[in-house]
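Keep in mind it's a predicted model, so treat the numbers as computed, not measured.
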Amino acid sequence: MKTITDFAAAINSHDVEKIAALMSDDHTFIDAHGNEMAGKETMKAGWASYFAVFSDYYIDIEQIFSRGDLAVAYGHAAAGTGEKAWKIPAAWRAIVRDGKIVLWQVYADTKIQFERVGT
C-alpha cells in the first residue's frame, strides 16, 4: 500500500508536516503500551517529541498485508549508535481511507530502546 510506504518514508525523514499530511483529521495513534492519542494536531506534537528523544529513529517495513481498509505491516524499528543503538522487531496495524492513515498502531517490545537511552 503506497500510503503506508509513504507514511513510513515520512517517519524516516522525520518530516512532521509530511507525516501529518498523510493522517486523517481524526487520526488515532496507539503506541506499543496501548496508550491512545487522537487527532492530527496531537500527533504532530507527539512525533516531534519522539524525534527529539530518538533523533535517528527509523522504521523498516519488510512486508504489508492488506484487506480493504485494514493493513498489517511488519519489519523493525531502530535508532541510536554505539552502545545506545537498538533495533527491534515491530509490526504496525493501519486503517487507510481515501489515502490517509486513520489508525496507526504499533506492536513492539519497547524495553530495549528505553534501557539503552536510560529512560
Side-chain angles (χ1 to χ4, degrees):
M1 288 190 107
K2 183 172 177 4
T3 302
I4 293 173
T5 57
D6 289 349
F7 195 67
I11 290 168
N12 291 345
S13 69
H14 295 196
D15 188 329
V16 175
E17 293 303 321
K18 281 185 184 177
I19 294 169
L22 290 163
M23 288 188 240
S24 65
D25 290 335
D26 62 345
H27 176 84
T28 298
F29 174 86
I30 304 172
D31 73 13
H33 301 281
N35 300 310
E36 190 171 312
M37 291 157 266
K40 182 188 291 194
E41 293 304 315
T42 299
M43 282 315 303
K44 282 175 69 174
W47 280 111
S49 294
Y50 194 78
F51 296 145
V53 175
F54 299 106
S55 62
D56 50 2
Y57 175 80
Y58 70 93
I59 63 175
D60 181 26
I61 293 178
E62 296 172 14
Q63 193 159 13
I64 300 170
F65 301 95
S66 65
R67 176 185 264 173
D69 293 347
L70 176 65
V72 177
Y74 72 87
H76 67 272
T81 58
E83 289 187 21
K84 292 196 175 206
W86 54 268
K87 181 177 179 180
I88 57 173
W92 301 269
R93 180 173 68 114
I95 295 175
V96 180
R97 288 192 192 112
D98 300 322
K100 302 287 183 178
I101 305 284
V102 176
L103 171 75
W104 188 255
Q105 184 170 9
V106 178
Y107 296 91
D109 182 351
T110 61
K111 182 179 178 188
I112 293 170
Q113 74 257 38
F114 288 112
E115 285 178 348
R116 299 268 169 90
V117 297
T119 59

Colleague: For A108 and P89, work out which heavy atoms get closest and say how close.
Modeller: CB-O, 3.7 Å
Colleague: Decide whether I30 and L70 are clustered together by the hydrophobic rule: side chain heavy atoms of Ile, Leu, Val, Met, Phe, Trp, Tyr closer than 4.5 Å, transitively.
Modeller: yes
Colleague: Report yes or no: does K100 contribute a side-chain atom to a donor-acceptor pair with the main-chain N or O of A21 at less than 3.5 Å?
Modeller: yes
Colleague: I'd like to know if the side chain of D56 and the backbone of G80 have a donor-acceptor N/O pair within less than 3.5 Å.
Modeller: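 Yes, D56 side chain to G80 backbone: donor-acceptor pair under 3.5 Å.
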Colleague: Measuring from atom CG of D69 to atom CE of M1, what distance do you get when rounded to the nearest 0.5 angstrom?
Modeller: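 Separation between the atoms: 7.5 Å.
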Colleague: When you group the ILVMFWY residues by side-chain heavy-atom contacts below 4.5 Å and let the links chain together, are M37 and I101 in the same group?
Modeller: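 Yes, same cluster.
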Colleague: Same cluster or not: V72 versus L103, using hydrophobic residues (I, L, V, M, F, W, Y) connected whenever any side-chain heavy atoms lie under 4.5 Å apart?
Modeller: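 No; tracing contacts between hydrophobic side chains, which count when under 4.5 Å, never links both residues.
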Colleague: So, S13 side chain and A10 main chain: donor-acceptor pair closer than 3.5 Å or not?
Modeller: yes
Colleague: How long is the span from the CG atom in D25 to the CD atom in E41, to the nearest 0.5 Å?
Modeller: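 One gets 8.5 Å once the value is rounded to the nearest 0.5 Å.
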Colleague: Got a second to check how far Y57's OH is from N12's CG, nearest 0.5 Å?
Modeller: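 Reported value, rounded in 0.5 Å steps: 8.0 Å.
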Colleague: If I take atom NE2 from residue H76 and atom NZ from residue K87, how far apart are they, to the nearest 0.5 angstrom?
Modeller: 3.5 Å
Colleague: If Ile, Leu, Val, Met, Phe, Trp and Tyr residues are connected whenever their side-chain heavy atoms lie under 4.5 Å apart, and connections chain through other members, are W104 and Y107 in the same group?
Modeller: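 Different hydrophobic clusters.
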Colleague: If I compare all heavy atoms of I61 with all of I64, which pair ends up nearest, and what's the gap?
Modeller: CG2-CG1, 3.7 Å
Colleague: Answer yes if M23 and I95 sit in the same cluster of Ile, Leu, Val, Met, Phe, Trp and Tyr residues linked by side chain heavy atoms under 4.5 Å apart, and no otherwise.
Modeller: no
Colleague: D109 and I88: which non-hydrogen atoms are nearest, and at how many Å?
Modeller: O-CD1, 3.6 Å
Colleague: Report the relative orientation of the aromatic rings in W47 and Y50; use parallel for angles under 30°, tilted for 30 to 60°, perpendicular for over 60°.
Modeller: perpendicular
Colleague: Could you point out which residue of F51, F54, Y58 forms a ring-ring contact (aromatic ring centres under 6.0 Å, His included) with H14?
Modeller: F51
Colleague: If you apply the rule side-chain contact (heavy atoms from CB on, under 4.5 Å), what do you find for I4 with W92, and how did you get there?
Modeller: CA-CA 10 Å; I4 293 173; W92 301 269; over 6 Å; no
Colleague: To the closest 0.5 Å, what do you measure between NZ (K40) and OG1 (T28)?
Modeller: 13.0 Å
Colleague: Please say whether more than 12 non-hydrogen atoms of neighbouring residues, nucleotides or ligands are located less than 6.0 Å from CG in N35.
Modeller: yes
Colleague: Distance from F29 atom CZ to H27 atom NE2, nearest 0.5 Å?
Modeller: 7.0 Å
Colleague: Does a donor on one side chain and an acceptor on the other come within less than 3.5 Å for Y74 and E62?
Modeller: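 Per modelled atom types, Y74 and E62 side chains form no pair under 3.5 Å.
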